[in-house]
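Following: one structure in structure tokens, then a few remarks.
Residue numbers begin at 1 in each chain, while the letters A, B, ... track the order of the sequences.
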Amino acid sequence: MKFNTREELLEYTKNIKGKTFKEIDSQHLLDKSKSNKNKGVLGQIVESGFYKYPLNNVSEADFEDLGIELKVSGYIKNKDGSLRAKERVKLSKIDYNNIVNETYESSHLLGKCKEMLIIWYHYIPKTDYGDFKITDFQIYDMSQDEDVFKHDFELIKEKVINGKAHELSEGDTSYLGACTSGATSADRTTQPFSDIAPKPRAYSLKNAYMTGILRELKEKTPDIITFNSTEENKKLIKKVKDEKIEEKIENIITFESTEENKRLSEKTVIDYVNNKLKPYFGKTQLEILEEITGKTYKEKIPKNINKMISDKLIGKDNELYEKDELFRKTSFIIKNIPIRNNKAIERMAFKTLQLSDFEEDWEDSYWKNYFEETALIVICYEAENSKVKNGYRKLKYVKQMSFTDEDLESFEKTYNMIKIAIEKRDINLLPTPNSFENQLLEIAPKGIKGDDAYNNFFKKDKTKVSFMISKTLLNEKLNDKDE
DNA sequence: CTCTGATCATGT
DNA sequence: ACATGATCAGAG
């Protein structure tokens with residue numbers, strides 16, 4: 001089938017809504033692929049079964065003359081009703097030996113296809129792929145994000161030039177990731193400026209980027225909205241629903257986004273954070289807090305004083321969300337830690353664990369995606385010696401951290417120990433500190449007085465326990481010089 | 001000192 | 001009333 005215009009293509013595509021893959025699989029690819037776990041087959045089914053491209057031509061079957069590339073992508077409904085992309089979208093493979101001679105423009109990374117036609121299906125765990133239902137589609141123009149893509153590309157290139165292809169991680173970049181792409185985790189290839197054999201990797205549109213795009217779409221089609229968006233959006237959507245003025249919503253949203261669409265001059269979250277903190281480097285926590293809020297403390301320094309500062313100076317999560325697309329399409333988390341002699345004084349804690357976090361296998365889990373993709377923006381406060389307590393530490397620097405495959409392999413062990421402990425209902429199997437060799441991720445109690453975190457571990461879905469990453473790993477990241 | 005389970009002030 | 005983002009504080 002051939003489409004002469006964008007409109008023709010979109011008109012035709014409307015018919016895919018509501019269909020399952022089984023229903024459009026006219027070439028019976030699902031049967032042929034034997035395993036119902038072959039992800040690539042879903043894209044092929046849409047191309048051959050729905051758009052009627054000949055199978056042998058499948059790899060070039062996108063709508064190239066329209067400048068549109070087809071992506072078939074799954075999403076998951078979170079427990080709280082919000083939506084997220086199931087996976088990153090893989091692009092072409094990274095050629096380490098060539099990238100050093102390339103520029104973003106010459107790489108043809110996004111090629112002529114600046115627009116994506118994304119076909120969204122609802123992924124449900126433990127379900128045959130044929131039964132997944134296609135619920136939405138959209139055109140997304142990626143040229144609006146080109147400056148960020150370019151920046152990400154340069155970052156990847158620089159790591160290869162520095163002979164650090166083996167240290168690439170998805171958390172390094174904002175939208176464009178470098179995800180592993182070997183057939184097995186043992187696959188290795190070569191890089192030009194180091195003898196260390198790196199894992200093969202491909203460019204990808206990161207999960208958070210796809211999630212951002214999906215949520216944007218859902219905000220514009222509130223009939224299907226079920227997720228937690230910002231308070232303001234909820235009100236807007238409620239209003240639209242109540243008054244049945246749906247045709248107006250496009251205008252309202254377009255207006256709002258153009259108003260806010262003055263793009264930041266910073267292209268990464270860490271640049272943004274550094275700029276906001278600039279006037280305060282070298283000052284103590286109490287000095288900064290007084291300067292920005294007028295509040296003074298003599299005793300009982302709040303344990304969350306750093307958070308009070310970063311909320312005020314950088315913004316709370318939902319304020320950032322409103323501020324710029326960058327914050328909607330990247331996954332990052334702002335953390336504060338005390339350091340002494342460039343070493344972490346404490347472990348780093350994450351949010352409270354829920355038993356239901358561990359229902360899925362590691363590969364499909366929330367936590368794997370989290371650690372793989374999230375950039376930790378770590379604001380470091382220095383204590384000259386152990387007598388310098390909370391409140392009197394000085395703002396020193398900001399460091400971005402992300403996790404390597406090696407880290408993730410160790411995290412997987414921790415994850416699986418919890419999974420097994422839950423299955424066997426045995427708290428002795430939990431990954432408390434030093435429960436195996438070279439442990440990088442551990443659990444620790446996190447609650448209020450009287451909580452008996454471990455003994456009550458199975459009582460409720462919400463536990464009183466959280467992940468913590470070890471000081472060893474933190475120190476390694478802190479001293480990792482790549483800036 | 002370091003380690004690890006316990007606890008706190010704040011925000012929603 | 002509870003989760004969050006951390007630090008505290010006793011034990012070793």
Under-3.5 Å donor-acceptor pair between A:K446 side chain and C:dG5 base: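 Side chain to base: pair found, below 3.5 Å.
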When you measure from the side-chain N and O atoms of [X] to the phosphate of [N], is any distance below 4.0 Å, counting only OP1 and OP2?
X      : N      : value
A:N306 : C:dT7  : yes
A:R347 : C:dG5  : no
A:Y297 : B:dC8  : no
A:K351 : C:dA6  : no
A:N304 : B:dG11 : no

Roughly, in whole Å, what's the span from [atom1] in [X] to [atom2] in [N]?
X      : N     : atom1 : atom2 : result
A:K307 : C:dA3 : NZ    : P     : 17 Å
A:K303 : B:dA6 : NZ    : P     : 13 Å
A:I334 : C:dG5 : CD1   : P     : 11 Å
A:Y392 : C:dC8 : OH    : P     : 11 Å
A:N390 : B:dT7 : CG    : P     : 19 Å
A:I345 : B:dT2 : CD1   : P     : 9 Å
A:I427 : B:dG5 : CD1   : P     : 11 Å
A:I301 : B:dA9 : CD1   : P     : 11 Å

Which residue lies more 5' along DNA chain B, comparing A:Y454 with A:D311 via nearest heavy atoms: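 It is A:Y454 whose nearest nucleotide is closer to the 5' end.
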Which residue lies more 5' along DNA chain B, comparing A:P445 with A:K316 via nearest heavy atoms: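 Comparing both residues, the 5'-ward one is A:P445.
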Which nucleotide in B:dT10, B:dT4, C:dG5 has an atom nearest any side-chain atom of A:N434: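 So the nucleotide nearest the side chain must be B:dT4.
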Side chain of A:P302 - closest among B:dT10, C:dA3, B:dC8: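 From the listed options, B:dT10 comes nearest.
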For [X], which contact category applies under a 4.0 Å heavy-atom criterion: base, sugar-phosphate, or nothing?
X      : result
A:K295 : nothing
A:D451 : nothing
A:F350 : nothing
A:P433 : sugar-phosphate
A:Y381 : nothing
A:K471 : sugar-phosphate
A:N336 : sugar-phosphate
A:S466 : nothing

A:W367 and A:Y370 aromatic ring geometry - parallel, tilted or perpendicular at 30°/60° bounds: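 Perpendicular: the ring planes of A:Y370 and A:W367 meet at over 60°.
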Under 3.5 Å side-chain donor-acceptor pair for A:Q439 and A:S435: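 Yes, A:S435 and A:Q439 have a side-chain donor paired with an acceptor closer than 3.5 Å.
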Between A:N207 and A:E87: side-chain donor-acceptor atoms closer than 3.5 Å: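 A:E87 and A:N207 do not have a side-chain donor-acceptor pair below 3.5 Å.
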Position toward the 5' end of DNA chain C (nearest nucleotide), A:E346 or A:D317: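 Looking at DNA chain C, the more 5' nearest nucleotide goes with A:D317.
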Along DNA chain C (nearest heavy atom to each residue), the more 5'-positioned of A:T463 and A:K335: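 With A:T463 and A:K335 compared, the 5'-side residue is A:T463.
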Quick test of your reading of the model: are [X] and [Y] salt-bridged, counting only N-O distances below 4.0 Å?
X      : Y      : value
A:K329 : A:E216 : yes
A:R88  : A:E170 : yes
A:E384 : A:R393 : no

side-chain hydrogen bond (donor to acceptor under 3.5 Å, both in side chains) assessment of A:N416 paired with A:W362: CA-CA 7 Å; A:N416 285 333; A:W362 169 249; over 6 Å; no
